[in-house]
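Everything below concerns the one structure shown next.
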Amino acid sequence: MEDKQFELRKLKLKELEAMGIDPYANGFTPEHTTKELVSIHASKSPEELEEIEDVFSLAGRVVSKRDFGKSAFFHLSDRTGKIQVFIQKNSVDEKTFALFRKLLDIGDFTGVRGELFKTRTGELTVRVRELFFLTKTLRPLPEKWHGLQDVETRYRQRYLDLIANQRTREIFQRRSKVINLIRRFFDERDFLEVETPMLHPIAGGAAAKPFVTHHNALDMDLYMRIAPELYLKRLVIGGLERVYELGRMFRNEGVSTKHNPEFTMVEFYQAYATYDDLMDLIEDLVSYVVNNTVGNTLVEYEDKKIDFSRPWKRVNIYETLREEFGPSIIEDDKFLFSKADSMRINHNGIRGKALTEIFEALVEETLVNPTFVYGFPLDVSPLARKNDSDPEVVDRFELYIYGREIANAFSELNDPIDQKKRFMDQVEMKKKGEEEYHEMDNDYVSALEYGMPPTAGAGIGIDRLVMLLTNSSSIREVIFFPHLRS
RNA sequence: GAGCCGUUAGCUCAGCUGGUAGAGCAACUGCCUUUUAAGCAGUGGGUCACAGGUUCGAAUCCUGUACGGCUCACCA
């Protein structure tokens with residue numbers, strides 16, 4: 001027999017229709033939510049509830065059922081939570097009761113009207129006077145006690161995960177909250193939320209492999225954006241001074257517990273600010289988000305507690321390397337590259353790459369509490385402003401939490417002549433096999449020629465931040481529909 | 001892309017060194033008017049991911065494929 005439960009439910013559907021009941025009826029409007037009823041009435045005594053003669057109406061999915069023959073309990077689940085419902089043979093009309101017993105399955109949607117009371121065990125419950133079939137479900141729901149465990153099913157059929165696992169709902173509610181808080185934070189500081197193209201003629205603003213697509217009418221290849229950076233800075237040139245964009249980025253690279261081909265980032269730019277200012281601003285922002293979600297500066301994540309209390313540590317890459325390996329690591333290229341080779345680091349003869357990669361290999365995973373890492377080499381930072389006292393270094397930092405890069409920020413390079421030269425250097429290195437290096441972007445250089453005020457900007461990875469704030473070990477837990485092979 | 005692990009009923013899982021498949025929930029038939037993992041009695045349900053191979057005999061051993069998980073590499 002092929003899927004007996006499915007066939008049986010289809011028979012029930014036909015039976016409903018035969019009785020003149022629309023199994024997909026419209027028109028029932030619930031006047032209350034489960035949460036409203038629970039928060040207002042759960043604390044009342046049975047006697048107090050007795051005196052309330054109001055009739056309440058609710059709609060939701062039946063998620064459990066306990067049948068006693070002449071009466072039954074079930075739980076109704078809506079977006080806000082769930083509440084118990086009690087139906088008795090003599091509290092509704094005969095037809096409704098028969099329908100309920102014979103044709104209502106766990107998973108079906110119903111609307112109910114009735115008054116509140118408390119059971120012997122003290123649970124707030126709705127006594128049904130009227131019951132409406134709203135939607136017949138043809139497939140059985142995952143099991144009530146263990147929920148849905150199979151990760152593949154959880155990702156591919158996220159709706160089942162959301163029905164069965166309360167934690168999944170909470171993760172995505174928190175994600176939504178985080179995004180909301182970030183918007184509020186920037187709006188309050190007079191940043192303008194903007195939207196820039198997702199289809200780029202040149203994939204710029206980051207070191208990453210893009211997705212390629214094609215526009216038929218224009219007969220041109222386009223790239224899905226890997227970063228909005230160069231467009232946002234054009235807006236600063238245009239005088240908007242403070243802008244942010246929160247949205248999806250696309251990178252054609254491997255998938256892992258920390259990488260999804262599309263991910264969400266907020267990038268923002270502030271004229272007349274420096275990267276130092278942005279350390280403070282990001283500290284403010286992340287603290288604001290942590291405070292309004294987790295509500296504690298100590299955040300439990302996997303086997304550790306992350307301490308978000310301020311101020312956050314700020315460490316210099318060059319100083320750290322000097323302390324660890326002595327001055328030769330900075331001053332002697334031979335020493336540097338042989339060190340890199342011994343650590344099996346792929347540097348391609350690029351000093352800055354070797355230095356940053358050694359640093360990362362050395363300390364990244366020790367940076368559990370939020371830590372700003374600054375003093376990046378010039379040749380891995382083609383869009384960042386040179387440091388005033390050390391021309392090999394740029395005014396750039398990254399924020400690490402739990403060994404992961406959460407944010408990347410710098411004072412922006414606004415010298416068009418230097419920018420053009422940097423692009424040319426990038427193109428050189430791209431020829432040497434550095435696939436992710438930048439292409440020449442003449443259009444962006446000409447924009448800079450019109451003058452960009454001194455500006456600092458940053459990008460923050462939202463998915464990774466949400467992972468930390470929901471104790472999720474995989475990025476797939478915080479993205480509704482993560483990419484899987486089909 | 002590489003290594004390791006996994007895939008058994010609608011769901012959650014057992015199934016030992018090979019002897020032809022089990023439980024709980026869900027479903028079905030009854031009983032039961034305050035239960036909450038309700039209870040009691042009974043019933044049905046499987047291409048053991050897929051394809052080969054070894055064997056008298058394969059869910060079990062071997063090989064390949066698909067999909068997934070973890071780790072690594074690239075990256076945010």
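Throughout, protein chains are lettered first and strands after them, A, B, ... in sequence-line order, and every chain is numbered starting at 1.
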Report task. Please check the phosphate of B:G68 (OP1 and OP2 only) for any side-chain N or O of A:Arg485 closer than 4.0 Å. Result -> yes
Requested in this report: Please list, by residue number, the residues of residues 355-385 of chain A whose heavy atoms come closer than 4.0 Å to an atom of RNA chain B; answer none if no residue qualifies.
Outcome: A:Glu357
Which atom pairs link the protein and nucleotides 69-72 of chain B when you take only N or O atoms and keep those under 3.5 Å?
from, atom 1, to, atom 2, distance (Å)
B:G69, OP1, A:Arg476, NH1, 3.1
B:C70, OP2, A:Arg476, NH1, 2.9

Requested in this report: Pick base, sugar-phosphate or nothing for A:Ala164, based on heavy-atom distances below 4.0 Å to the nucleic acid.
Outcome: nothing
Query raised in the report: Can the positive tip of A:Lys65 be found less than 6.0 Å from the middle of the six-membered ring of A:Phe100, inside 45° of the ring normal?
Result: yes
Query raised in the report: Judged by atom type as modelled, is there a donor-acceptor pair below 3.5 Å linking the side chain of A:Tyr437 to the main-chain atoms of A:Glu428?
Result: no
Query raised in the report: With a non-hydrogen cut-off below 4.0 angstrom, is A:Asn90 in contact with a base, only sugar-phosphate, or nothing?
Result: base
Query raised in the report: Under the 6.0 Å and 45° cation-pi test, does A:Arg127 pair with A:Phe86?
Result: no
Query - Pairs satisfying ring pair (Phe, Tyr, Trp, His ring centres under 6.0 Å), at least one member in residues 122-166 of chain A, at least two apart - result: A:Phe28-A:Phe132
Report task. Using the P atom as the reference point in each nucleotide, state the distance between B:A21 and B:G64 in Å, no decimals. Result -> 29 Å
Report summary line: pair_partner(B:U63), Watson-Crick or wobble, both distances < 3.5 Å, evaluates to B:A51
**Report entry** Pairs involving residues 358-381 of chain A, ordered by first then second residue, that meet ring pair (Phe, Tyr, Trp, His ring centres under 6.0 Å) (sequence neighbours left out)
**Finding:** A:Trp312-A:Phe372, A:Phe372-A:Phe397
Query raised in the report: Does A:Arg139 make a cation-pi contact with A:Phe6, if we ask for NZ or CZ under 6.0 Å from the ring centre and within 45° of the axis?
Result: yes
Query raised in the report: Side-chain N or O of A:Arg154 less than 4.0 angstrom from OP1 or OP2 on B:G68?
Result: no
Report, one pair per line, the protein and nucleotides 21-24 of chain B atoms (nitrogen or oxygen only) whose separation is under 3.5 Å.
from, atom 1, to, atom 2, distance (Å)
B:G24, N2, A:Glu143, OE2, 3.4

Requested in this report: Decide, applying a 5.5 Å centre-distance limit and a 30° plane-angle limit (both strict), whether A:Phe263 stacks on B:A76.
Outcome: yes
Requested in this report: Please answer whether B:C32 and A:Phe68 are stacked, defined here as ring centres separated by less than 5.5 Å and planes angled under 30°.
Outcome: no
Set out, line by line, the N/O atom pairs under 3.5 Å between protein and nucleotides 28-31 of chain B.
from, atom 1, to, atom 2, distance (Å)
B:C28, OP1, A:Lys12, NZ, 2.6

Report task. Answer yes or no: is there an ion pair linking A:Arg351 with A:Asp379, defined by an N-O contact shorter than 4.0 Å? Result -> no
